[in-house]
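Counting starts at 1 for both ligands and their atoms, following the listed order. All of these numbers come straight from a predicted model, not from anything done at the bench.
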Amino acid sequence: MSIELKHVNYTYMAGTPFEHQALQDVSLTITEGSFTAIAGHTGSGKSTLVQHLNGLLHPSDGQVLVDGVDLEGHDKARKKAAHAASQQVGMVFQYAETQLFEETIAEDIAFGPRNQGLTEAAVQERVREAMELTGLDYKMFKDRSPFQLSGGQMRRAAIAGILALHPRYLVLDEPTAGLDPSGRKALIRQIQSLHKEWNLTILFVSHSMEDIARYADRIIVMNKGSVMYNGAPKEVFAHYQELEKIGLAAPQVTYIMHDLKEKGLPV
Ligand code: ADP
Ligand code: MG
């Protein structure tokens with residue numbers, strides 16, 4: 001099982017003077033069970049790319065397949081299959097907490113599962129489970145207003161709302177943006193435990209090469225709408241000079257290893 005992009009192009013506002021090609025011939029595979037990071041400077045196409053993974057955007061050219069199903073169902077029968085496939089992909093947008101809107105945390109998280117037609121008991125079970133998975137104590141937080149939470153807690157509540165839908169793939173667009181260092185660390189750890197303990201396939205967009213190096217088993221580097229590198233962290237960071245040229249620093253340890261090698265040490 002996997003998510004597959006085949007020669008995807010995407011152009012915003014095609015046919016207008018503002019036409020802009022944001023993705024160019026992007027082909028890649030996200031294998032089930034992996035923890036993949038997408039890096040790249042601002043405007044390199046990361047958010048455009050991830051919005052293709054649950055069918056929010058459809059390619060101008062090319063295909064997106066989730067478990068072999070084309071997300072752009074081209075007729076009624078295939079649209080149904082496409083919708084079902086897209087539900088396997090949970091999408092946490094950048095600053096997801098701005099989309100919290102119910103009066104209580106529990107009601108907000110319940111919204112998605114309730115729409116899926118689950119029984120009320122099953123919905124409550126999903127809410128409890130999703131809160132625990134994101135480190136929000138159920139009893140303590142369930143009746144609180146989203147607006148009584150810290151920034152980090154609000155973001156967790158937003159992620160819980162997605163987890164409550166039981167996706168198999170979890171896509172997070174810059175999930176740590178705007179959090180303080182301890183909030184970032186805690187959230188990344190939480191995401192890692194979702195990967196390890198809940199077997200969720202994780203795809204996360206990040207600027208922090210330190211986070212990426214520590215947690216990802218695969219790194220995709222985007223540059224000007226194209227895939228520049230796609231490989232294991234070690235392979236990608238071997239290109240640290242090229243990464244610097246596009247404004248991405250490799251993690252500190254890469255430089256240390258490089259210096260030691262230059263001094264002739266066997267590292
Ligand atoms: P990233 O997430 O890597 O910062 P984006 O995918 O948001 O990059 O943007 C890629 C390119 O597409 C940028 O040049 C951006 O200005 C452009 N873009 C993004 N969203 C839109 C939009 N809604 N309309 C027009 N252009 C857009
Ligand atoms: Mg973005």
Side-chain angles (χ1 to χ4, degrees), residues 3-30 35-64 66 71-72 86 89-100 151-152 154-155 158-159 162 169-179 183-184 187-188 191 202-213 215-216 218-231 233 236-237 239-240 242-251:
I3 301 180
E4 218 179 327
L5 270 73
K6 290 185 175 174
H7 303 292
V8 170
N9 288 322
Y10 187 79
T11 304
Y12 284 108
M13 297 189 275
T16 76
F18 306 104
E19 181 170 299
H20 178 80
Q21 186 168 2
L23 294 179
Q24 287 181 47
D25 197 23
V26 172
S27 293
L28 53 90
T29 302
I30 311 292
F35 192 124
T36 303
I38 299 187
H41 60 81
T42 303
S44 59
K46 304 180 299 296
S47 295
T48 305
L49 169 59
V50 296
Q51 287 174 65
H52 279 76
L53 305 179
N54 72 340
L56 200 73
L57 296 178
H58 291 302
S60 309
D61 266 308
Q63 273 187 315
V64 180
V66 173
L71 289 191
E72 194 169 11
S86 69
V89 185
M91 179 74 61
V92 179
F93 293 103
Q94 208 171 344
Y95 298 104
E97 63 278 13
T98 58
Q99 291 170 11
L100 298 171
M154 278 168 77
R155 191 148 311 163
I159 296 172
I162 302 299
Y169 303 93
L170 183 66
V171 180
L172 304 119
D173 194 352
E174 312 220 20
T176 60
L179 301 182
R184 294 174 79 103
L187 188 61
I188 287 283
I191 294 168
I202 304 284
L203 185 70
F204 91 120
V205 174
S206 178
H207 267 115
S208 162
M209 293 309 239
E210 303 292 336
D211 286 350
I212 287 176
Y215 299 107
R218 189 156 205 92
I219 302 177
I220 295 169
V221 177
M222 295 294 295
N223 185 34
K224 297 183 185 154
S226 300
V227 175
M228 185 177 184
Y229 298 115
N230 179 355
V236 171
F237 289 134
H239 302 281
Y240 65 94
E242 289 87 348
L243 290 173
E244 265 180 10
K245 278 187 207 138
I246 61 160
L248 296 174

**Request:** For Tyr10 and Val26, run side chain to side chain contact (heavy atoms under 4.5 Å, CB included): C-alpha distance rounded to whole Å, both residues' side-chain angles, the deciding distance at 0.1 Å, then the answer.
**Result:** CA-CA 9 Å; Tyr10 187 79; Val26 172; over 6 Å; no
Starting from [atom], which protein heavy atom do you reach first, and at what distance in Å?
| atom | result |
| --- | --- |
| atom 7 (O) of ligand 1 | Ser47 CB, 3.8 Å |
| atom 10 (C) of ligand 1 | Gly43 O, 3.5 Å |
| atom 17 (C) of ligand 1 | His20 CD2, 3.8 Å |
| atom 3 (O) of ligand 1 | Lys46 NZ, 2.8 Å |
| atom 27 (C) of ligand 1 | Tyr12 CD1, 3.3 Å |
| atom 5 (P) of ligand 1 | Thr48 OG1, 3.6 Å |

**Asked** Which ligand 1 atoms does Thr42 reach within 4.0 Å, using its non-hydrogen atoms?
**Response**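 With Thr42 as reference, the close atoms of ligand 1 come out as 4 (O).
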**Prompt:** Which of the numbered atoms in ligand 1 are below 4.0 angstrom from a heavy atom of Met13?
**Reply:**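 Those of ligand 1 that fall under 4.0 Å from Met13 are 24 (N), 25 (C).
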**Item:** Tally, protein N/O/S atoms nearer to the Mg ion (ligand 2) than 2.8 Å
**Value:**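 Under the 2.8 Å cut-off, the count stands at 1.
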**Message:** Let me confirm one number: the CZ-CG distance from Arg155 to Leu179, rounded to the nearest 0.5 Å.
**Reply:**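 With rounding to 0.5 Å, CZ (Arg155) is 4.5 Å from CG (Leu179).
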Short side-chain to backbone donor-acceptor contact, [X] and [Y], under 3.5 Å:
| X | Y | answer |
| --- | --- | --- |
| Asp61 | Val8 | no |
| Thr11 | Ala14 | no |
| Gln51 | Ser47 | yes |
| Lys46 | Ile38 | no |

**Message:** Run the salt bridge (charged side-chain N to carboxylate O under 4.0 Å, His left out) test against Glu4 and tell me which residues pass, sequence neighbours left out.
**Reply:**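 By the salt bridge (charged side-chain N to carboxylate O under 4.0 Å, His left out) rule, Glu4 matches no residue at all.
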**Prompt:** In terms of ring plane angle, is the pair Tyr229 and His239 parallel, tilted or perpendicular, where the classes change at 30° and 60°?
**Reply:**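 Ring orientation, 0 to 90° scale: parallel.
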**Request:** Might you work through the side chain to side chain contact (heavy atoms under 4.5 Å, CB included) test for Tyr169 and Leu53, ending with a clear yes or no?
**Result:** CA-CA 10 Å; Tyr169 303 93; Leu53 305 179; over 6 Å; no
**Asked** Under a heavy-atom criterion of less than 4.0 Å, does His41 contact ligand 1?
**Response**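 Distance cut 4.0 Å: His41 passes for ligand 1.
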**Asked** Can you find a heavy atom in the side chain of Lys224 that is under 4.5 Å from one in the side chain of Gln24?
**Response**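 Counting from C-beta outward, Lys224 and Gln24 never come under 4.5 Å.
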**Asked** Going by distance only, is there an N or O of Gly45 that falls short of 3.5 Å from an N or O of ligand 1?
**Response**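 Between Gly45 and ligand 1, an N or O pair is found under 3.5 Å apart.
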